[in-house]
Each structure stands twice: as structure tokens, then as C-alpha cells.
Amino acid sequence: MSVAKPLPHDAAKLHVTGAARYVDDMPVPADCLHLAFGLSTVAAGRITSIDFDPVRDYPGVVGVWRAKDLPGPCDCSPSNHDEPLLAGNTIRYLGQPVFLVAATSHHAARHAVRAVKMEVQKRDAILTVDEAMAAESRFEEGPRIWKRGDAGEAIDAAPHRIEGRIEMGGQEHFYLEGQAALAFPQEGGDMVVHSSTQHPSEIQHKVADALGVPMHAVRVETRRMGGGFGGKESQGNALAIACAVVAQATGRPVKMRYDRDDDMTITGKRHDFRIDYCAGFDDEGRLLGVEFEQFTRCGWAQDLSLPVADRAMLHADNAYYIPAMRVESHRLKTNTQSATAFRGFGGPQGMLGIERVLDHVAHTLGRDPLEVRRLNYYAPTKGGAAPRPPAADSPRDILAKKKELEAHPDEDLTSRGAQDVTPDSSPAPTVPEGVQTTHYGQPVEDFILHEMTERLAESCNYAERRRAVAAWNAENPVLKRGLALTPVKFGISFTLTHLNQAGALVHVYQDGSISMNHGGTEMGQGLFQKVAQVAATSFGVPLESVKITATDTGKVPNTSATAASSGSDLNGMAVKAACDEIRERMAEHLAKLHQDNPRDVRFEEGMVKVGGERIPFAEAAQLCYMGRVSLSATGFYKVPKLNWDRLKGQGRPFFYFAYGAACSEVVVDTLTGEHRTLATHILHDCGSSLNPAIDRGQVEGGFVQGAGWLTSEELVWDETGRLRTHAPSTYKIPACSDRPDVFEVELWDGRNIEETIYRSKAVGEPPFMLGISVLMALSDAVAACGTGYPSLDAPATPERVLAAVRKLRDGV
Amino acid sequence: MSPSISLTINGEARAVALDDPRVTLLDLLRERLDLPGTKKGCDRGQCGACTVLVDGRRVNSCLTLAATLDGAEITTIEGLALGEELHPVQAAFIENDAFQCGYCTPGQIMSAVGLISEGSAGDDPERIREGMSGNICRCAAYHGITIAVQEATRNMIRTDKEDAA
Ligand code: FES
Ligand code: FES
């Protein structure tokens, strides 16, 4: 049995010998062209004149394109058709691509763009939340509002009340491999594109659209990415389209990769948020009503901002039952990079809002924040709820969908940004006895955080350390310690219901080797490995018998992005379906040959047991081939039970929840604001883990990245809208030495109550939010400097921590 | 006429004409010598993805001008294994899951080989973390990396001792 084993990454040997190839490592023919974008140097304005002669004259330059020279708008947007590849005369952010240069080398192209003479008439840019609110500069017609009960009334009637604001910064993905694409023109106008992308189907769609050809004329291949984290869900579109357009125009292969500076200047990042809150609670800290107002800067184009902001609203409860709640969300349009997907997809921002509220409530009452958190947890539930029939599309529904398709004819339906506004009219989720629902009406059926918190608090010695921290702080005026244990409850599924589907293609060859393909992409999360384990388990063969080939739109069509942590859930199931199909065919044939019952045929340990005999799998494959049995199958999977109306904010957007908890202890130097994490203990729920080694890596990596977001990674735009932190020298990513001194990670051993692949749970995003424990620990340490509440914003850089300390000490 | 240099790369003597005197060692390796195992993460000395050994010392190849390397001995990730036999650091990286996406891995491994031969960190995890802090891993596989370097250090000391005995 191959599942649930700690096996190394599928390409481990290739990685350690430098033989693993990424897009930029692929050999290209000598006539390959290289591209670079010329970027705008103001955040808002109009181009009044532009002189390309010096660019054209630059040695090695083969061609220069402006928007008007392109075959069409060459839209790069995953949602709203508002992202032309090149700006026309109107500039919408500083760093926007204005023209495109093709040259015989990467360096020539890069240097040539700088020779341009461009004059721009500047306009006032909208950069901040306040400016955008004042100008009513937003996506959608107004704020989105979801509510349960009357939060205002509940707060007014509550014995205690707090109000506050938290600001949290965005985050640069800094995938170590920058964006890259490579296009090879084919006969008959076809195009093959290699792209470092999480979403090959979207690249295919957008390239076909730009070239004016059907999707079948474009094939996109992705072997691996050097990190994605959401930054390669839509941000690779521009490079792939540019390469394809130039390849079509010149008949030559074309490559483009962004240098790091360009990458950081051009591409979108995590959404920064401002969250205003107001909460009413009782004497013990039980929340009675909470109101949130979330403001996010989406940048110049819509991209995936609507579903990101939705997910922030969906996680505004985190692990807590809040009887009356109101969440208002403003999606603001600003003259900055178009913020995009990033691990957690708005969930972390929404979750941080409520974690701040609980911290603030506990401080107000002088209670231990962990007690207050537990008091507010969703009610414990035991076991699973009774299964319900899956929701079916009603005819009315189908008609509505048809109308909608007519309204957006060239929409990329596989994008999370697709405008599916039709409410699903399938029956609302039924709520089993004793089960509480979230503020959007989803029952919380397997709430295991009570037990997890108990176990973690015990194993990390929370109570004793809480006393030790207090004793330390009483004695030490300069170095202050802080401790916090915070939970995570994260919803798993794409909130655009139709994306929760996947396909796979499996072949068994006559020598018993197996080749397999699915729609998911590999970016280091170990997806290929996990899915290969599923296939190996199905056929009872060793993992070496299974080859996973590069993701290829020619093999599995219409795939969703590898995102929303859904990779193994969706593709694992699709691969299993294909394997099951082949295995059944094989069993039937072999049973016939051996006068056995197909149901008694076993595939184990590289052998097939049939009619009292054991034959090697390879021989079984040969027998089936000779018996003219098809050894190839496609598999398909769609997630059951989903039902979601995003306009009303009601239904069941998630198949299930993944849980986790982390306890962090920090020390702060109150004279400098510098701080360090002394210890972090994590307990994380991966269901029945498919691969504990890979899951552990995801948990550790997610935590470190989450803690980085909240402590050291700071994006700074100056008053002209220029991103000042566009290199690792100014943008501080956690290094090896920033890891907590003590770092213990344990996986919670439990089964998913839903029927997922071998009852595992998704693990890509949920651990990111374990990083919140560090920010809360810092808040705890700062609180030891005075009596007020620190209201610490993120990232809690030394400057911010110092300011918070000063405010508490001197009231300034 | 373009200047030319001779160097030893992964044990092989090469004479290379430099069409551009400003070419970095990294670009030379990746674009001219067909050795794309060394990665480009930032091209300005801030991420460590491009780490190689020059005369046994670790350097950021993106900051090193090829023209300054006449007569030097370069080891890249492609030259570390002896045929099919992995270098102890490579083996330890596999053993300890010291990577996810793998993009930083060649640089991490070369940096670890350099660190071990500098001999200042020993198998002390704190010093290893400090010594490896110039190599960013965005996937944050730092836990595995630290243990891998620790383990490889111990293995290499042990083998050295056995060889000496
Ligand atoms: S590429 Fe050389 S240090 Fe980043
Ligand atoms: S493994 Fe991805 S950057 Fe290190």
C-alpha cells in the first residue's frame, strides 16, 4: 500500500543534481527571440508622445509592439476583460507594460526598452483606501454585505463593547523561479506554450483568444514551477500571450522571463486589508455580536479580487460561533499592481480580523486569550452527520446558466474570476441536531478544535509557560515575552462551485508500467507524488512503476487552476476513478481466464491474485492486452454537496473544513522593537494524511510564510505610487536563521468525515494561518509594557513594534 | 577579438571566449555552457539560488564576473555527484525532505558543501542556520535543510575519520 507513507518528492534526484528543468532551463533553438516589456513610470496619466527609434536601433532588436500593433486587445484578465496586454494611452499603475520588445537575447531586450523616450501627462493617482473611498473607486456597484441576525442590536444590548481597527499589509509571492513562458509556433498556425503556471487551461484560453484561434490550436504544457503560491494563477497570462503573439508574427520560438525587479514591479501581490471592527460581549468574553468592515485595495484591474474578498468574508468567523454578525466588504480600485491570489486567498486576512477581536476582548476583560477563544469555539460535534443526497441542477438553473453564458461569450469559465452570479437553487444545507452554522449558513459538522486545542495546550505546556512568561515580564523591564495559541478553521473548495471538478488520463502499458496525467500542476507541494501514490495503490504496484507526465492541456482538458488547496483532493479522486475503471476491466478479463469471480481478483504487492494464482502485474497487463482489453481510461470527479449563493452569502461553499492550531512564544526588545520567535508548537489536521512527509513540509513552510507576512515582509509604495520594495534587499523574506529556535510540528491523526481521497484533507493553504500565533504573541509581549491594548498592525516590523511599545509606555 | 579565459568546470578544462566582458559567471554557465542547474533567483546577490564553488569557496555566481575567473576551478551542482553516487549533502537533502519546489536546492546544496568545508559551523543547528541564511527558500523547507546539513556534516566527518584510520 503506497498511500500514507512518508516518501520523498517524485523528482527528488533530479532536484539535488540540478537536472530538474524549469521553463527557463529548456534548450531553445538559436533563432529564439527574447522579450521584455517597457513599463510605465507613473501611476496614472496619459502618454503624450513616445519615440521608439532608439529602441529599434538597439543592437539585437527585432521588433517593437505597442497596443495598436497587436492583433487585438490581447486581454490578460482572468475575469473582467479589463487587462489589455499593453496599455494604450492611459496609464493605470506604475509598472504597467506599455510596449513590447523582441530581441535576439534577453539582455538586449532588457537594455533596449530603457532607450525609449516617453512623455506622459500625469494625473492624480488613487493609491490609498481613503482616497479610493473618497472617490468611490471600486469594483462592483457597492460594498458586498452578508449578515446573520442584527449585529448592531446585539452589540448595543451587550454588557461590554469594543471598537478597533487593524491594518495588514500585502505580500510579495517571491516564487524563487520568476514568471516565465516559451512559445513554439507549429504548422498550420498552431502554438505550443510552455508556461510556469498554476493554470494551464487558462493560459490556453487566453492565448487562443489573443491569437484568434480555437482552443484546440493551442497546447500548454507545465512540468513544474519553482514555487507558485497563487502568484502563478493568473499572473503568467501576460508572458504567455506576449510570446505567442510574437511567435505568430515572426514564426520563431519566443521566450520571456521577468527579471526579479520587473516581476515585483509588474505582478500582483496579496491584497492588503484594513478591517474596522465593533464587538459586543458578556462578562466572560462570549461574543454576542460582531460587525466587520473590510476594505481591500485590489489595484488597477479586477483579476481575482472578488473571490478573494469573498473568502475574506467567509473566514471572518474563523473558529468561533458568533450569533449576530455583519460583514461589509469594499473592493477598491487603486492605481497599483492588480492584487491577486496568494496562499489563503483572502482567508488569512478575514481570519486575522476575528483573531484581533478575540485578543482585544480578552485584554479588555483581563482574561487569558486562549480561554476566551475556547469559550467562543463552535460547539463540539461527534462523528459525521447523516449523508444527504447530492444537489442536482434544476431545469430553471440550467436556463439561467445559459442566459449568463450568452451575456459573457468569451469568458474563461475555468477561472476563479468567472462571473457566475446565478444563485444555485439546489436545496439549502440541512442542519443536523446540535450542529451550529457559520454566519453564511454552513453547518460546522466536524469541529475538532476543542480536542486539538486541548492536546496542543498540554503538549506545549501552555499553562505553565503562561505563568513563566508573566513571571519573566514582571522581572525584566527591557526584554518582554509574549505567548499565544491560535486556531485555524479553513474552508476547502473553490467558492465558484463549478470549478470543483477534475479530470485524469491513465494508461497501462503492456510491460506493466503506468503513465498518468491529470490537470493539477506541480509547484513543490508534492501533488504529483501524492497522486502517483494513489495510482500505485490502486494497482498494487510499487511507485516506480508509475510515471507522472507534465500537465498538458492536450491530455486533460478544461482543468481548474491548481489552487484553493484542492490539488490532491480533486486530481487524486479523478486519477482513482480512471485507475478503478482499468482495474475493473483487467479483473473481469483475468477472472474469465481463471474462472474466478472478478470481485475476488486482488491487486497487491506488484502481483495480481486470481483463481488461486499470483501473476506479476506486468504479465497481467500483457494478458489483458492480448485479450483486447482497453488499458487506457479517463477519470472524472466532481465535489459533492456544494451549494452557494454568493450574492446572498448563504449556503454551503465548502465541502469540509481543515483545522490547525499553533502556539508561539516571542521575545521583544522594547528599546529597539526587534523581536524573535523562541518556540512554535503546531498541531495540524490533514485527515488521514496521504503522505505525512509532504504534509509536514507544507505545514512548516506555510507557517513560516504566514509568520513572514505578519512580521517582516513589508511592501512600501511611495506617494507617487512607486513600489519601493522591489528586491529582496528591501523586502525581507524569512531566512533559515529566522525559524523559531524550537519548532515542533505534529499531525493530528483523524479521518476526514467527508469522502475525500483516502479520507485525507487538503493542506496547501490552511497552515499559512498558523502564522497568526506569532502576531498575537507579539501583541501579548507589547501588552506587558503598559495597561492599554497594543492594537498592533501587520507586518509587525521592529518599527511598528517599537511604536506600539512607546504608545503604551508614554501614551504617544 | 573577444577576450577568452580558461577555467576548469566540474573537472573539465574549458577555454571560453567572452563576447561580452561583463558577462557573469551565472549567465556563462546557464546560457553558454549548457549548465542550467545553477538557478537565477534575483540576479543581484540576494537570494543564493546561484551559489557555486569557485576554488572550493562558495560564491554568488550572479555577482561574479566571468572575466575575473581565468584559471579558476568551478564546481556546480551538475558536477557534485560522482557518476551515479550522490554527494553526501545531496543524499541528505533527499533523505530529509529538504526542498519542495526545488528551485533553491542547487544553491542550497552548493552553499552547504561550502559551509561544511569552511568547518566553522560543525553540526550545531544554530550556526548552520546562520551559515545558510544567505540562501532563501521561499517554500521554507528550512527545517529539512538544517537537518540535512547537520546529517551530511556528521557523515562526512565520519567518512574522513574512517579514511584516515
Ligand atoms: S541569483 Fe545570485 S544571489 Fe540570487
Ligand atoms: S524549495 Fe522552493 S524555494 Fe526552496
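Bear in mind that the values here come from a model prediction, so they are computed numbers and not experimental data. In what follows, chains are A, B, ... by sequence order, proteins preceding strands, each numbered from 1.
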_Just by distance, no angles: are the side chains of B:D27 and A:H106 close enough, under 3.5 Å, to form a donor-acceptor pair?_
no

_Contact winner vs chain B - A:G702, A:A20, A:P734, A:G708, heavy-atom pairs under 4.5 Å_ = A:P734

*asked:* For the CD atom on A:E746, are there more than 12 heavy atoms of other groups (residues, nucleotides or ligands in this structure) within a distance under 6.0 Å?
replied: yes

*Has the side chain of A:R260 got a donor or acceptor atom that lies under 3.5 Å from a matching backbone atom of B:G41?*
yes

*Shortest non-hydrogen contact between A:S737 and B:E130, atoms and distance*: CB-OE1, 3.8 Å

_Pairing of B:R30 and A:D25 as salt bridge, 4.0 angstrom limit_ = yes

*Find out whether A:C736 and B:T146 are in side-chain contact, i.e. whether some heavy atom of one side chain is under 4.5 Å from a heavy atom of the other.*
yes

*asked:* With rounding to the nearest 0.5 angstrom, report the SG to CZ distance, B:C137 to A:R739.
replied: 12.0 Å

*Can you tell me if CG on A:D31 sees more than 12 non-hydrogen neighbours from other groups inside 6.0 Å?*
yes

_Heavy-atom cut-off 4.5 Å, strictly under: side chain, backbone, both or neither for A:A19 against chain B?_
neither

*Considering only heavy atoms and a distance below 4.5 Å, find which of B:K40, B:K39, B:H143 pairs most often with chain A.*
B:H143

*Closest approach of B:S133 and A:A735, non-hydrogen atoms and distance?*
O-CB, 3.7 Å

*Given a strict heavy-atom distance threshold of 4.5 Å, which part of B:L35 is in contact with chain A: side chain, backbone, both, or neither?*
neither

*Highest number of heavy-atom pairs under 4.5 Å with chain B: which of A:D259, A:D261, A:D741?*
A:D261

*Proximity breakdown for A:Y22 and chain B, heavy-atom pairs closer than 4.5 Å*: side chain

*Shortest non-hydrogen contact from A:L176 toward B:C47*: CD1-CB, 4.4 Å

*Give, as side chain, backbone, both or neither, the part of A:F703 having an atom under 4.5 angstrom from any heavy atom of chain B.*
neither

*asked:* Exactly one of A:Q698, A:H15, A:Q525 should register a side chain to side chain donor-acceptor pair (under 3.5 Å) with B:Q100. Which one does?
replied: A:Q698

*Tell me, side chain or backbone of A:R257 under 4.5 Å from chain B's heavy atoms, or both, or neither?*
side chain

*Starting at CD of A:E700, measure out to SG of B:C139 and round the result to the nearest 0.5 Å.*
12.5 Å

*Smallest separation among heavy atoms of B:C101 and A:G226, with atom names*: SG-C, 3.4 Å

*Taking every heavy-atom pair that is under 4.5 Å apart, which of B:R44, B:H87, B:E126, B:E78 has the most such pairs with chain A?*
B:R44

*asked:* Give me the atom names and distance for the closest heavy-atom approach of B:I136 to A:P728.
replied: CD1-CB, 4.4 Å

_For chain A, which residues of residues 104-113 of chain B have heavy atoms nearer than 4.5 angstrom_ = B:C104, B:T105, B:P106, B:I109

*What pairs with B:R138 under salt bridge (Lys or Arg N to Asp or Glu O under 4.0 Å), at least two apart in sequence or on another chain?*
A:E713

*Would you mind checking if A:R696 and B:D97 are paired as a salt bridge, meaning a charged N to carboxylate O distance below 4.0 Å?*
no

*Do you know which of A:D24, A:D738, A:T17, A:V745 has the most heavy-atom pairs under 4.5 Å to chain B?*
A:T17

*With the side chain counted from C-beta on, respond yes when A:H107 and B:E31 share a heavy-atom pair under 4.5 Å apart, and no when they do not.*
yes

